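Reading through the structure tokens given below for one structure.
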Amino acid sequence: MHINADRLQDSIDQMARIGATPGGGVTRLALSDEDKAGRDLLGRWLEAAGLRVRVDDFGTMTGSRAGARAGAPVMLASHLDSVRQGGRFDGAYGVLASLEVVRTLNDHAITTHLPVEVVNWTNEEGVRFEPAMIASGAVAGRFDRDHVYDRTDRDGLRFEDELRRIGYLGDEANRPGPASAYLELHIEQGPVLEDAGLAVGVVEGIVGITWIEVTCEGQADHAGPSPMPLRRDALAAAARVIYGVQSLALATEGAVGTVGRLALEPNVINTIPGRVVMSVDFRHPRADTLDGLVAGLERLAADIAAESGVELTVNRFWTSEPTPFDPAVVDAVQAVAAELGIPSQRLWSGAGHDAKYAQDIWPAAMIFVRSAGGVSHCEDEFSTPEDLAAGADVLLHATLRLAGRVRVE
Ligand code: HGY
Ligand code: MN
Ligand code: MN
């Protein structure tokens with residue numbers, strides 16, 4: 001039994017028209033009009049597939065398919081929100097492949113012993129409302145609701161107000177869970193599977209991630225009369241931080257470091273920048289090494305401040321610990337790939353996913369499919385229809401294995 005690859009590709013292409021960008025990607029930021037449109041479309045599809053749809057107090061959508069008996073469902077999940085000018089597969093592929101699994105079960109009139117649920121998590125990317133995975137983190141008990149509701153975007157708009165504005169402020173009673181098993185199918189977003197010549201990866205866990213905001217407070221001043229030795233140039237200090245982040249990561253085996261967001265004031269040609277605010281994203285498989293990278297950044301900031309007279313603050317505001325997935329669920333995914341004759345390998349995820357917080361409270365695992373060129377979070381993101389179908393077939397049969405299939409005599 002296979003999923004319907006053409007139907008899956010068509011669903012991905014239809015969803016990609018929402019928030020489409022000129023370069024073939026999508027911008028569907030959490031709680032934006034584009035996110036609302038994507039949610040509305042998914043809701044129609046879930047209902048058309050016979051699922052009972054509910055929305056929780058963070059806007060997370062859950063479609064439920066009854067099993068032969070009551071019990072904690074097998075949860076198939078991912079996210080529809082994207083980064084800015086992102087790809088059409090990150091998140092959406094997992095949600096729509098989960099829907100395709102249900103559509104395939106319907107096509108074959110299959111009843112599972114346990115219920116099956118399809119979940120679209122709110123704000124996985126954490127681009128508009130930092131940090132990432134805030135809805136799944138709240139369900140896992142890491143963030144309280146008021147903290148989430150008070151998060152604001154760059155325009156000062158509040159999470160709760162935007163959730164209400166798009167009509168997806170639901171009820172706490174509708175939160176996803178519990179799950180007998182949680183599966184998330186996702187593109188790899190890195191080069192490992194392509195280098196190995198494999199379509200499918202069995203994900204053993206997610207590396208540790210920490211997000212930091214560095215603020216450089218100098219002195220805005222005239223670009224002409226101000227002698228160089230007297231300046232407190234916030235951007236010159238920030239440039240040393242950016243180079244330092246890269247040096248720290250390059251010097252630490254297995255680490256990555258990124259400055260992805262930067263704002264400077266007043267940002268005009270003939271004024272020395274007075275203020276810079278930037279993000280730092282460090283990742284590593286070990287928590288203690290991650291802490292070491294942050295300590296290195298703090299030492300560097302102190303040195304820059306002492307030499308430049310610019311004040312630097314380092315605010316580590318989010319950490320997602322390294323998270324190994326449930327060995328039994330990981331084994332089930334690997335066994336299913338083998339039974340399907342799909343060669344696979346085990347790997348860890350360098351990208352964060354809601355599966356991290358799912359694993360904190362339920363037995364979870366992920367399935368990856370190959371990313372062409374290993375790129376993601378850009379309009380060039382691509383996976384072939386064949387690879388997308390292979391991943392969805394593994395999800396289908398892992399669901400049948402974990403939820404159990406009622407045999408009709
Ligand atoms: O940041 C991440 O790794 C994920 O895409 N939110
Ligand atoms: Mn994702
Ligand atoms: Mn992403």
Side-chain angles (χ1 to χ4, degrees), residues 12 15-16 19 21 25-31 34-35 38 60 76-98 119-138 140 142-143 151 182-190 192 201 203 205-213 249 255-261 279-285 290 317-323 347-359 364 366-371 374-383 388 391 395:
I12 291 170
M15 185 59 73
T21 55
V26 295
T27 295
R28 222 173 21 235
L29 300 187
L31 310 187
E34 294 78 14
D35 186 21
T60 292
L76 312 179
S78 201
H79 62 94
L80 286 180
D81 69 305
S82 78
V83 297
R84 186 171 292 112
Q85 283 177 252
R88 63 175 55 196
F89 301 98
D90 179 354
Y93 165 52
V95 173
L96 298 173
S98 301
V119 174
N120 166 34
W121 291 107
T122 294
N123 196 55
E124 185 280 338
E125 292 293 358
V127 161
R128 183 181 177 198
F129 297 100
E130 294 174 359
M133 295 105 80
I134 206 167
S136 55
R142 289 300 187 90
F143 308 113
R151 308 301 294 162
Y182 174 100
L183 291 171
E184 183 161 358
L185 173 61
H186 204 287
I187 53 172
E188 179 205 334
Q189 303 179 291
V192 173
V203 189
I206 300 177
V207 300
I209 304 173
T210 195
W211 283 3
I212 301 145
E213 184 161 90
V256 291
T258 311
V259 175
R261 166 172 64 78
S279 65
V280 177
D281 174 322
F282 279 130
R283 305 190 186 202
H284 194 275
L290 210 51
F317 66 91
W318 176 60
T319 297
S320 170
E321 314 77 31
T323 302
L347 74 167
W348 275 65
S349 174
H353 301 283
D354 292 303
K356 180 268 175 294
Y357 287 125
Q359 174 56 47
M366 292 186 75
I367 306 158
F368 273 173
V369 297
R370 177 170 33 195
S371 289
V375 299
S376 180
H377 280 193
C378 61
E379 295 173 312
D380 300 332
E381 183 182 282
F382 181 75
S383 292
L388 297 172
L395 185 69

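Since the structure is predicted, the reported quantities are computational estimates derived from the model, not experimental observations. For ligands, and for the atoms within them, numbers begin at 1 and follow the listed sequence.
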### Summary
for atom 1 (O) of ligand 1, nearest protein heavy atom and its distance come out as Arg283 NH2, 2.8 Å
### Message
Quick one, Asp90 with His186, criterion side chain to side chain donor-acceptor pair (under 3.5 Å). Give me CA distance, side-chain angles, the key distance, then yes/no.
### Response
CA-CA 7 Å; Asp90 179 354; His186 204 287; 2.9 Å; yes
### Task
Enter the distance from Phe89:CZ to Ser78:OG here, rounded to the nearest 0.5 Å.
13.5 Å
## Note on the structure
Numbered in order shown, the ligand 1 atoms found under 4.0 Å of a heavy atom of His377 are 5 (O)
### Task
With heavy atoms of Glu125 as the reference, note each atom of ligand 1 found under 4.0 Å away.
4 (C), 5 (O), 6 (N)
### Query
Between atom CD of Glu34 and atom OG of Ser82, what is the distance when rounded to the nearest 0.5 Å?
8.5 Å
## Note on the structure
Separation between CG (Asp35) and CG (Asn123), nearest 0.5 Å, reads 8.5 Å
### Query
How about Arg142: does its CZ atom have over 12 heavy atoms from other parts shown lying under 6.0 Å from it?
yes
### Task
Enumerate the atoms of ligand 1 whose separation from the nearest heavy atom of Glu124 is less than 4.0 angstrom.
4 (C), 6 (N)
### Task
Could you tell me which atoms of ligand 1, counted from 1 in the order shown, lie closer than 4.0 angstrom to a heavy atom of Ala351?
3 (O)
### Under 2.8 Å from the Mn ion (ligand 2), the protein N, O or S atoms, given as residue and atom
His79 NE2, Asp90 OD1, His186 NE2
### Task
List the steps and the verdict of side-chain contact (heavy atoms from CB on, under 4.5 Å) for Arg84 and Leu29.
CA-CA 7 Å; Arg84 186 171 292 112; Leu29 300 187; 3.6 Å; yes
### Query
Is any NZ, NE, NH1 or NH2 atom of the basic residue among Arg28 and Glu125 found under 4.0 Å from an Asp or Glu carboxylate oxygen of the other?
no
### Task
Report the C-alpha separation of Leu347 and Phe368 in whole Å, then their side-chain angles, then the decisive distance to 0.1 Å, and conclude whether the side-chain contact (heavy atoms from CB on, under 4.5 Å) test is met.
CA-CA 9 Å; Leu347 74 167; Phe368 273 173; 4.0 Å; yes
#### Entry: Sub-4.0 Å heavy-atom contact, His353 with ligand 1
no
### Message
Once ring pair (Phe, Tyr, Trp, His ring centres under 6.0 Å) is applied, do any residues pair with Tyr182, and if so which ones, sequence neighbours excluded?
### Response
none
